[in-house]
There are 2 protein chains.
Amino acid sequence: MPGVLYGLGLGPGDPELVTLKALRLLRAAPVIAYPAPESGGSFARSIVAEFLDAGQHEIRIGFPMRPGPPPHAIYDKAAATLAAELDRDRDVAFLCQGDPFFYGTFAAVFTRLAPRYRVEIVPGVSSLTACAAAAGTPLVQRDETITVIPATLPEDELIRRLSGAEIAAVIKLGRHAGKLRRVLGGLGRLDGAIYVERATQARQRVAPFSETEPDAVPYFAMVLVTQSGGSGLR
Amino acid sequence: MPGVLYGLGLGPGDPELVTLKALRLLRAAPVIAYPAPESGGSFARSIVAEFLDAGQHEIRIGFPMRPGPPPHAIYDKAAATLAAELDRDRDVAFLCQGDPFFYGTFAAVFTRLAPRYRVEIVPGVSSLTACAAAAGTPLVQRDETITVIPATLPEDELIRRLSGAEIAAVIKLGRHAGKLRRVLGGLGRLDGAIYVERATQARQRVAPFSETEPDAVPYFAMVLVTQSGGSGLR
């Protein structure tokens with residue numbers, strides 16, 4: 001019996017937003033694996049650092065953080081490394097910030113290993129609803145529709161997607177914030193757009209998007225384009 | 001100091017998908033409130049029934065389950081009941097299946113009470129990613145967009161929203177399943193559409209949407225319209 005690959009959704013950053021199931025499987029896994037930038041710490045690992053045991057074998061999978069096409073060779077190598085553990089009958093917990101199947105790197109590993117191994121996915125709290133909670137803005141109600149749009153899309157595609165969206169969440173901001181500002185301004189939807197940075201983390205920030213500096217926006221930031229503009233928590 | 005209203009996201013149904021934070025706040029709350037059908041049990045309460053204490057005061061808020069306009073009078077009355085507890089300096093935990101701000105009834109209570117009371121939202125695992133996990137289908141990757149669409153919309157609006165969507169999740173199926181089948185068939189997107197019923201619950205079911213009986217579909221069902229049609233867990 002080969003090992004089981006667990007894709008563990010760990011939520012948006014607050015360790016308390018880990019689920020009971022993810023915590024149980026994390027603690028039971030002899031091997032944990034996580035994505036990390038080529039240099040620097042792994043955000044997924046940092047969420048659960050306090051729950052890890054020194055006896056667990058850790059596999060760090062380094063990814064280039066620069067934009068570009070998917071790094072297929074790195075995914076192939078990561079999949080082979082995990083397969084070697086599974087073939088030794090050891091379960092592997094793959095740590096995923098947010099949810100394993102909602103953007104992120106796990107899907108590429110999953111696609112390579114699911115045909116050959118048993119895989120269990122544990123869904124997690126996604127940044128989408130974490131940002132709405134941070135902003136104090138009900139995201140969608142009743143018959144409303146919402147579209148999630150990566151800011152990394154070309155400008156004309158962003159315009160097209162946002163024009164057709166009733167409520168929108170634009171994710172992966174980073175260096176694309178200026179482009180998004182132009183697009184929302186042109187569509188008359190900048191007013192009421194809410195900027196949320198590092199939701200549920202220590203340095204969480206919520207502000208009207210029109211009042212942010214487009215040059216200082218991290219990748220882990222999102223803009224919620226609702227109709228109301230948010231009611232605001234006290 | 002009046003009490004604090006907590007909107008607790010409890011996830012899609014599996015009690016193990018409750019977060020550590022929701023569990024802590026749930027256990028600490030002297031008062032819990034939850035939506036329920038006029039007759040029958042509360043789904044939100046059932047998720048955490050094993051964690052409740054007999055000493056906690058429970059407020060059941062009955063809602064009509066028939067379709068129609070939002071029951072404003074019921075929301076007003078529920079808000080007044082919760083306000084009376086908060087005014088007695090008692091914290092109230094409002095139980096929400098899934099996420100408090102992702103559809104559901106909490107937003108209506110929030111809107112009425114947030115101007116006067118401190119409210120804290122605890123995001124939860126939404127049915128959206130729970131269904132993807134159940135289906136073994138990466139939902140969105142890289143630059144992809146996803147639109148969440150209630151099946152309760154009129155047919156022409158469903159057609160319009162689905163035509164413009166790259167990846168779609170159609171929620172709130174119930175008696176609208178037949179309409180959705182027609183729409184997806186007409187758009188040539190029925191093949192590969194995945195039906196997920198009661199994700200993470202005991203009676204979870206995953207099937208090609210084209211093979212389901214449109215007459216026997218519960219409200220807690222969703223159709224994922226991805227490009228790949230899903231790779232399938234083993």
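Each chain gets a letter, A, B and so on, in the order its sequence line appears, and its residues count up from 1.
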Could you state the interatomic distance from [atom1] ([X]) to [atom2] ([Y]), rounded to the nearest 0.5 Å?
X	Y	atom1	atom2	value
B/Leu17	A/Leu20	CG	CG	8.5 Å
A/Thr147	B/Ile149	OG1	CD1	7.5 Å
A/Tyr103	B/Leu139	OH	CG	8.0 Å
A/Asp99	B/Leu128	CG	CG	8.0 Å
B/Ile121	A/Thr200	CD1	OG1	14.0 Å

Atom group of [X] that falls short of 4.5 Å from chain B, counting heavy atoms:
X	value
A/Arg142	both
A/Pro15	backbone
A/Arg24	side chain
A/Ile171	neither
A/Asp143	both

Which atoms form the tightest heavy-atom contact between B/Pro138 and A/Ala107, and what is the distance? CB-CB, 3.7 Å

Who among [options] has the most heavy-atom pairs with chain A under 4.5 Å?
options	answer
B/Val122, B/Thr152, B/Thr105	B/Thr152
B/Arg160, B/Gln141, B/Arg161	B/Arg161
B/Val140, B/Leu23, B/Val148	B/Val140

Can you tell if the side chain of A/Val125 reaches within under 4.5 Å of the side chain of B/Thr19, non-hydrogen atoms only? yes

How about B/Thr129 and A/Phe102: do any of their side-chain heavy atoms sit closer than 4.5 Å?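 They are in contact (side-chain heavy atoms under 4.5 Å apart), so the answer is yes.
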
Heavy-atom cut-off 4.5 Å, strictly under: side chain, backbone, both or neither for B/Ala165 against chain A? backbone

Do you know which of A/Gly164, A/Gly124, A/Ala130, A/Ala169 has the most heavy-atom pairs with chain B at a distance under 4.5 angstrom? A/Gly124

Would you please test A/Asp14 and B/Lys21 for side chain to side chain contact (heavy atoms under 4.5 Å, CB included) and show each step? CA-CA 9 Å; A/Asp14 179 351; B/Lys21 185 169 187 177; 4.1 Å; yes

